[in-house]
Amino acid sequence: MQVLSLVVPCYNEEETITPFLQATQAVEVAMAEQVRFEYIFVNDGSSDQTLSVLRQVAKAYANVHYLSFSRNFGKEAALLAGLEAATGDLVTVMDVDLQDPPELLQDMYVKIQEGYDVVGTRRADRKGEPKIRSFFARAFYFLINKISDTEMVDGARDFRLMTRQVVDSILSLEEVNRFSKGLFSWVGFKVTYVSYENRERVAGQTSWNFWSLFKYSMDGFINFSEAPLNLSMWAGAMSFLASILGILFVVIRKLTIGGSVTGWASLVSIILFIGGLQLLSLGIIGKYIAKIFLETKKRPVYIIKEKG
Ligand code: UDP
Ligand code: MG
């Protein structure tokens, strides 16, 4: 029988693990004829009782396993650790807060049987989400799809069912700066999506605030696009051109009408403008260099303190 691994990152989720397990075990029973479930919970350095809850459920059920990090390494790291530990022929990644409805797994499994390699999920709406967050999320997807070659589907969740072949290709990407939304799409394969209505968390709180999401989206831009570099190059080229025109203007005026010392204010603003552009470009280049720096250090993406 095929094994389906559920990779579940958990950060301060003591209240959600039990309801999550109840919901997925109902699906497990419903699918018992087709697949055997294997749970891989990853405790991403939680500061609450998440680890002890995980120890308990791992003891209670033979197919529940957990990894526990030495500190909070972030969801991307937790996903990677879980995917590496998963042994299933099929693998799914799910949030533990039940925002990814487990009952969808049955439909997703059917699609895999039909021959798809990846079945992703997307929210049909963003109901229950703050308006401002939806606005910026939309803006992010619009921009990144304009400037990056890797397509990222608006509303697509990390929740997806993948075949072993797809998981192995994702794991073969050895970059340390991992932006999963991009990596999942970058590997390609035959992909389809199922939609569902947005749900709210069963319990607990989201660990993403506006600032962390903003930084996350910047990672997306830097990791999956060279457009910011091109932008600063073009801005540089444009201001260079403008300065040539300016010089021509000054020289011609000197030769014809004769020079004057007016134009103080304009001169200062031009200097500031060029200076600003240079700093901006340096900053953009610096961002990429910082990424290269991190990559070359080849530090592990996560450190496991305990397994069970
Ligand atoms: N998560 C994690 N490490 C973190 C932050 C979040 O493993 O540093 C997990 C979290 O436990 C949950 C999933 O990632 O299972 C999604 O997090 P959350 O529900 O807070 O995000 P949202 O649904 O609001 O985007
Ligand atoms: Mg959530």
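Atoms within each ligand, like the ligands themselves, are counted from 1 in listed order. Heavy-atom basis, side chains included; hydrogens, waters and symmetry copies ignored.
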So what's ligand 1 close to, N/O to N/O, under 3.5 Å?
unit_1: ligand 1; atom_1: 3 (N); unit_2: Asp44; atom_2: OD2; d: 2.6
unit_1: ligand 1; atom_1: 8 (O); unit_2: Asp44; atom_2: OD2; d: 3.3
unit_1: ligand 1; atom_1: 8 (O); unit_2: Asn72; atom_2: ND2; d: 3.2
unit_1: ligand 1; atom_1: 11 (O); unit_2: Pro9; atom_2: O; d: 3.4
unit_1: ligand 1; atom_1: 11 (O); unit_2: Tyr11; atom_2: N; d: 2.8
unit_1: ligand 1; atom_1: 11 (O); unit_2: Glu13; atom_2: OE2; d: 2.6
unit_1: ligand 1; atom_1: 15 (O); unit_2: Pro9; atom_2: O; d: 2.8
unit_1: ligand 1; atom_1: 15 (O); unit_2: Val96; atom_2: N; d: 3.2
unit_1: ligand 1; atom_1: 19 (O); unit_2: Asp97; atom_2: OD2; d: 2.6
unit_1: ligand 1; atom_1: 19 (O); unit_2: Arg201; atom_2: NH2; d: 2.8
unit_1: ligand 1; atom_1: 20 (O); unit_2: Arg201; atom_2: NH2; d: 3.3
unit_1: ligand 1; atom_1: 20 (O); unit_2: Thr206; atom_2: OG1; d: 3.3
unit_1: ligand 1; atom_1: 20 (O); unit_2: Ser207; atom_2: N; d: 2.9
unit_1: ligand 1; atom_1: 20 (O); unit_2: Ser207; atom_2: OG; d: 3.1
unit_1: ligand 1; atom_1: 21 (O); unit_2: Trp208; atom_2: NE1; d: 3.3
unit_1: ligand 1; atom_1: 23 (O); unit_2: Gln99; atom_2: OE1; d: 2.7
unit_1: ligand 1; atom_1: 24 (O); unit_2: Thr206; atom_2: OG1; d: 2.7
unit_1: ligand 1; atom_1: 25 (O); unit_2: Arg133; atom_2: NH2; d: 3.4

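- Residues Phe179 and Tyr216 place their aromatic rings such that the two centres sit under 6.0 Å apart.
- Salt-bridge check for Asp44 with Lys75: failed, with every basic side-chain N at 4.0 Å or more from each acidic carboxylate O.
- Note on Arg164 versus Asp168: salt bridge recorded, some NZ/NE/NH1/NH2 to OD/OE distance being below 4.0 Å.
- Aromatic ring centres of Tyr39 and Tyr61: separated by at least 6.0 Å.
- Neighbouring protein atoms of the Mg ion (ligand 2) (N, O or S, distance under 2.8 Å, waters ignored): Asp97 OD2, Gln99 OE1.
- Between Phe69 and Tyr302, the ring planes lie parallel to each other; the angle is under 30°, not in the 30° to 60° tilted range.
- The existence of a salt bridge linking Glu306 and Arg55 is confirmed by a sub-4.0 Å separation between a basic side-chain nitrogen and an acidic carboxylate oxygen.
- Smallest separation of non-hydrogen atoms from Leu161 and Thr92: CD1-CB, 3.8 Å.
- Arg71 forms a cation-pi arrangement with Phe73, by the criterion of a distance under 6.0 Å to the ring centre and an angle within 45° of the ring axis.
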- Could you go through the ring-ring contact (aromatic ring centres under 6.0 Å, His included) check for Phe140 and Phe221 one step at a time? CA-CA 9 Å; Phe140 167 75; Phe221 285 124; 5.3 Å; yes

